[in-house]
Amino acid sequence: MRGRQVIGTDGPVARALREQPPAGERVELVVVALPAPAGPVGALPSGDLAALVDATLTPAIAALRAAAGDGEPTRVAIVCPASAVLPDHRDGARSVVAAGLAMLAEVAAATPGLAANVVAVADDVPPHEVAEAVGFALAQPSLNGATIRLDGGRDAALAAETRAEGD
Amino acid sequence: MSARALVTGGTSGIGAAICRRLAADGWRVAVAGRSAERAGLIADEIGGVAVVGDVADPGHDPVALAAEALGGLDCTVLNAGVIADRNLPGTADDDWALLLAVNVLAVHRQARAARAHLAASGGSILMTASDAGVWGEPAIAGYSITKRMVLQLMRCLAAEWGPDGVRVNALCPGDTEPGMVTTTAGRRNPGATDGWLAPPLGAIVQATDVAGAAAFLAGPDAARITGVGLLVDAGMRASATGWKDGAA
């Protein structure tokens, strides 16, 4: 059964993904987990961190669990903040949750019936670019357990930010 | 004056080994755990103090209790954790809620509670993550997710609190004896390592090995080390296939 389900954070990225035709012949599940920045995690009460997890990671786990259990081969893309890869302590709360989402994709990639990848995006990436990357991730049969970083190279090397500030 | 440490999950496995190692190195140690009997036994053994309670209970503050008993803190070892032998499809809502509460939220809450004490002493936080947080294991999916979160939390706090002089690091043990593999009910029997996957070094990691790494990261030789997740896994994560070559 061909088709795409988009769940999670509503907004321009989710809308772009809903408007995009399915990338392949398999069932597609796209989890959009792009909460608003919540600041440094050390300043955040644990209840607020729990709420952030409950709004993003916990429903993602439930959705992937259901997809794994329904017997239909499913390709999954998780869209999350770029800080899933290299944390940003000024945006630490989202960094922690995004790291959990990345690991969710990695263990899902090794789960029968699922293929899962992460598209980790900086806040200023246009929604259509995110949708194109998600479409690519969903269409490539051998891409599984990977993280595609859409940040314009911001986190490619320490020098990237240094150069931007110095120019 | 002796350095002062709190070790949560200090009543068994890696935590107990860390308590014993720090005490042997001259630290005064608060042994924290749910069992008053076990905490008391280890505290008596090493000349420390027992702190009893469940780290998952937001009303329980082991940091405050330990700081009061010891007159401050120089290291907080956030070691308490739980595991669920569940793959992703088998991870029920209750499994995930417990993993999150103990492995992430309690660590976050207690790190925040410790910050002021450690800023005053120039001390450090040491979190017990896992090699499963570095490279996930589908058979323990929820656990792997929480340990990746712990590693990210550690890095963020290291950067955030570094200007206060607070170091934050993590240990990433592989399968360890005694450790969660043998001290968690329903898993393997204590001392029984037959059939364990052999790491490249050939020998199963001992809890004392992890405690040695903890003592290093807590001590003065690591004064310029922060934001590090140190694998203590005998090479299990060094290669995609090295650990598959034979059983220990």
Side-chain angles (χ1 to χ4, degrees), chain A residues 38-54 56-71 76 80-81 83-114 116 145, chain B residues 56 58 86-93 95-97 99-101 103-116 119 125 129-130 132-164 166 168 227:
Chain A
V41 69
L44 195 72
S46 290
D48 291 356
L49 179 60
L52 190 62
V53 173
D54 286 344
T56 52
L57 180 54
T58 298
I61 291 172
L64 268 64
R65 182 180 63 205
D70 72 5
V76 179
C80 70
S83 55
V85 183
L86 186 65
D88 179 352
H89 72 282
R90 296 163 297 188
D91 191 18
R94 286 202 313 175
S95 300
V96 171
V97 173
L101 287 158
M103 179 57 90
L104 169 61
E106 291 166 27
V107 295
T111 300
L114 298 181
Chain B
R86 307 271 192 277
N87 61 12
L88 182 58
T91 303
D93 290 345
D95 297 324
W96 171 245
L99 288 163
L100 179 67
N103 293 357
V104 179
L105 298 177
V107 170
H108 175 255
R109 185 168 57 248
Q110 284 140 26
R112 294 186 72 230
R115 177 188 182 182
I125 292 171
S130 170
V134 176
W135 185 22
E137 298 183 30
I140 45 174
Y143 179 81
S144 299
I145 293 168
T146 58
K147 292 303 184 180
R148 177 69 65 81
M149 296 170 79
V150 167
L151 285 169
Q152 200 81 322
L153 174 64
M154 174 272 294
R155 295 187 187 104
C156 287
L157 293 182
E160 188 180 337
W161 294 348
D164 297 336
V166 177
V168 189

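Below, chain A is the first sequence line, B the second, and so on; all start at residue 1.
In terms of heavy-atom pairs under 4.5 Å with chain A, the best-connected choice from B/Val150, B/Leu151, B/Thr91 is B/Thr91. Top candidate by heavy-atom pairs under 4.5 Å with chain B, chosen from A/Ala43, A/Ala50, A/Ala102, A/Gly145, is A/Ala43. Chosen from A/Ser95, A/Ala110, A/Ala68, the residue pairing most often with chain B at heavy-atom distances under 4.5 Å is A/Ser95. Listed options A/Gly100, A/Pro87, A/Gly47 were ranked by heavy-atom pairs under 4.5 angstrom with chain B; first place goes to A/Pro87. Interface remark: of the candidates A/Ala109, A/Gly42, A/Pro40, A/Gly42 forms the most heavy-atom pairs closer than 4.5 Å to chain B. The choice from B/Arg109, B/Arg115, B/Glu160, B/Lys147 that makes the most heavy-atom pairs within less than 4.5 Å of chain A is B/Glu160. Note: B/Pro89 leads B/Pro89, B/Ala139, B/Pro58 in heavy-atom pairs under 4.5 Å with chain A. Top candidate by heavy-atom pairs under 4.5 Å with chain B, chosen from A/Pro45, A/Ala66, A/Gly69, is A/Pro45.
Residue B/Arg148 touches chain A through both its backbone and its side chain, counting heavy-atom pairs closer than 4.5 Å. Contacts of B/Leu100 with chain A are made by side-chain atoms alone, with heavy-atom separations under 4.5 Å and no backbone atom involved. Heavy atoms closer than 4.5 Å to chain B are found in the side chain of A/Val53, but not in its backbone. Proximity to chain A is absent for every atom of B/Ala111, based on heavy atoms less than 4.5 angstrom apart. Only the backbone of B/Ala132 comes within less than 4.5 Å of a heavy atom of chain A; no side-chain atom from C-beta onward does. Residue contact with chain B, scored on non-hydrogen atoms closer than 4.5 Å, is absent for A/Leu101.
Under the 4.5 Å side-chain criterion, counting only non-hydrogen atoms from C-beta, B/Gln152 is not in contact with A/Val97. Between A/Glu106 and B/Pro138 the shortest side-chain heavy-atom distance does not fall below 4.5 Å. A/Thr111 has its side chain out of reach of B/Asn87: every pair of non-hydrogen atoms, C-beta onward, lies at least 4.5 Å apart.
With sequence neighbours left out, the side chain to side chain donor-acceptor pair (under 3.5 Å) criterion links B/Thr146 to B/Asn103. Listed by chain and residue number, B/Arg237 satisfy the salt bridge (charged side-chain N to carboxylate O under 4.0 Å, His left out) test with B/Glu137 (two or more places apart in sequence, or in another chain).
The CG atom of A/Leu44 lies 5.5 Å from the NE2 atom of B/His108; values are rounded to the nearest 0.5 Å. The structure places CG of B/Asp93 at 8.5 Å from OG1 of A/Thr58, a figure rounded to the nearest 0.5 Å. Put simply, CD1 on A/Ile61 and CG on B/Leu88 are 7.5 Å apart, with the number rounded to the nearest 0.5 Å. Atom CG of A/Leu49 and atom CZ of B/Arg112 lie 9.5 Å apart (nearest 0.5 Å). Once rounded to the nearest 0.5 Å, the distance linking CG of B/Leu153 with NE2 of A/His89 reads 13.5 Å. With rounding to the nearest 0.5 Å, the separation of OH in B/Tyr143 from CE in A/Met103 is 11.0 Å.
Of all heavy-atom pairs between A/Val107 and B/Ala141, the closest is CG2-CB, 3.9 Å.
Listed for the A/Arg65 side chain is no donor-acceptor partner under 3.5 Å among the backbone atoms of B/Gly90.
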Test salt bridge (Lys or Arg N to Asp or Glu O under 4.0 Å) applied to B/Arg155 and A/Asp88, step by step: CA-CA 9 Å; B/Arg155 295 187 187 104; A/Asp88 179 352; over 6 Å; no
